[in-house]
There are 2 protein chains.
Amino acid sequence: MRQLPHPATEDIQLTEVLRALADPVRLELVRKLGDGIELACSTAGDDLDVHKSTLSHHYRTLRESGVTHTRIDGRQRLLSLRRDDLDARFPGLLDSIITAADRVGV
Amino acid sequence: MRQLPHPATEDIQLTEVLRALADPVRLELVRKLGDGIELACSTAGDDLDVHKSTLSHHYRTLRESGVTHTRIDGRQRLLSLRRDDLDARFPGLLDSIITAADRVGV
DNA sequence: ATTACTATTTGATAGTTGTCAAACAATAAA
DNA sequence: TTTATTGTTTGACAACTATCAAATAGTAAT
């Protein structure tokens, strides 16, 4: 597979985004994905005590909800936040959620 | 029962709030609860095509997550947003979510 | 080619969720 | 004291979710 399916910006659903971020593991992953930064799956989940197949499931959920973008590079998958797309569709949402997460540490 | 249990402000969990708002029915209920407004359960859910027991379940989820406050008045339960508490704990969060919901109409 | 690496997929499982229907509880009105 | 009103609770059920383990797939290195 050369490229993974991503929802178009205008197809990103609010409830899907909230559902994706309502999980502690996924919220932590998003926190680690600082703006403009790409992380390999192995890096993103390295300090989380979760099985790799479980992480793969979370990556998929994040991607399909429109929260993250996944780029294939060799045998790695590079994750990044879809910051611009999310800001365009839901202004301020991602920021307030990440700020809140940093604040309470989850 | 004279009063219903509500989580203290400092016990409101981010993932719980996000999970509560990640449901279309509950998000719509929150949208209808404008700031400082109290709505009876009957009023809040009158135009939603959902069984009353299902609504009752959603009211409970919203209350237990810390999103809403429920006051008992006679045979009615009056719902209101815990705007101040949520703003204190997660600044800007509720606003961005409600704005986003209004924007896309969910 | 063989081996190592990175990640996904499939299968299984236990727990959670949204929903309806029916029964119940509490209060107000008659 | 009946009757009506307003919600909750319980039970049942189908769908979904997070998780691990094992198998699989694709790529890079040897």
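Every chain is numbered from 1 and lettered A, B, ... according to where its sequence line falls, protein lines coming before strand lines.
Going from atom CZ of A:Arg77 over to atom P of D:dA28 covers 12 Å, rounded to whole Å. Distance CG (B:Leu4) to P (C:dA26): 13 Å, rounded to an integer number of Å. For the pair A:Gln76 CD and C:dA4 C1', the interatomic distance rounds to 14 Å; values are reported in whole Å. Between A:Tyr59 atom OH and C:dA7 atom P there is a gap of 7 Å when expressed in whole angstrom units. Note: CG (A:Leu27) to C1' (D:dT17) measures 17 Å, nearest angstrom. Taking atom CD of residue A:Glu64 and atom P of nucleotide D:dC16, one finds them 13 Å apart after rounding to whole Å. Whole-Å rounding puts the A:Leu48 CG to D:dT19 P distance at 10 Å. One atom, NZ of A:Lys52, and another, P of D:dA25, lie 14 Å apart when rounded to the nearest Å.
Here the nucleotide nearest the side chain of B:Arg60, chosen from D:dA28, D:dT9, D:dT19, is D:dT9. Set against D:dA18, D:dT8, D:dT5, the side chain of A:Arg26 has D:dA18 as its closest nucleotide. Checked against D:dT5, D:dT19, C:dT19, the side chain of B:Arg75 finds its nearest nucleotide in D:dT5.
For the 3.5 Å distance criterion, the side chains of B:His58 and B:Arg26 qualify, holding a donor opposite an acceptor.
Between A:Ser56 and C:dT8 there is a side-chain N or O to OP1 or OP2 distance below 4.0 Å. The side chain of A:Thr54 places an N or O atom within less than 4.0 Å of a non-bridging phosphate oxygen (OP1 or OP2) of D:dC20.
Here B:His58 lies in heavy-atom contact (under 4.0 Å) with sugar-phosphate atoms only. A:Ser42 comes within contact range of the sugar-phosphate backbone alone, with a heavy-atom separation under 4.0 Å but no base atom that close.
The one candidate from A:Thr68, A:Thr61, A:Leu62, A:Leu21 that meets the side-chain contact (heavy atoms from CB on, under 4.5 Å) condition with A:Leu29 is A:Leu62. For the side-chain contact (heavy atoms from CB on, under 4.5 Å) test with B:Lys32, the passing option among B:Thr43, B:Asp46, B:Leu27, B:Ile37 is B:Asp46; the others fail.
Contact annotation: side chain of B:Ser53 to base of C:dA21, donor-acceptor pair present below 3.5 Å.
Judged purely by atom type and a 3.5 angstrom limit, B:Gln13 uses its side chain to pair as donor or acceptor with the backbone of B:Asp11.
Taking a 6.0 Å sphere around CZ of B:Arg71, one finds it holds more than 12 heavy atoms contributed by other residues, nucleotides or ligands.
Nearer the 5' end of DNA chain D, as judged by each residue's closest nucleotide, is the contact made by A:Arg19, out of A:His51 and A:Arg19.
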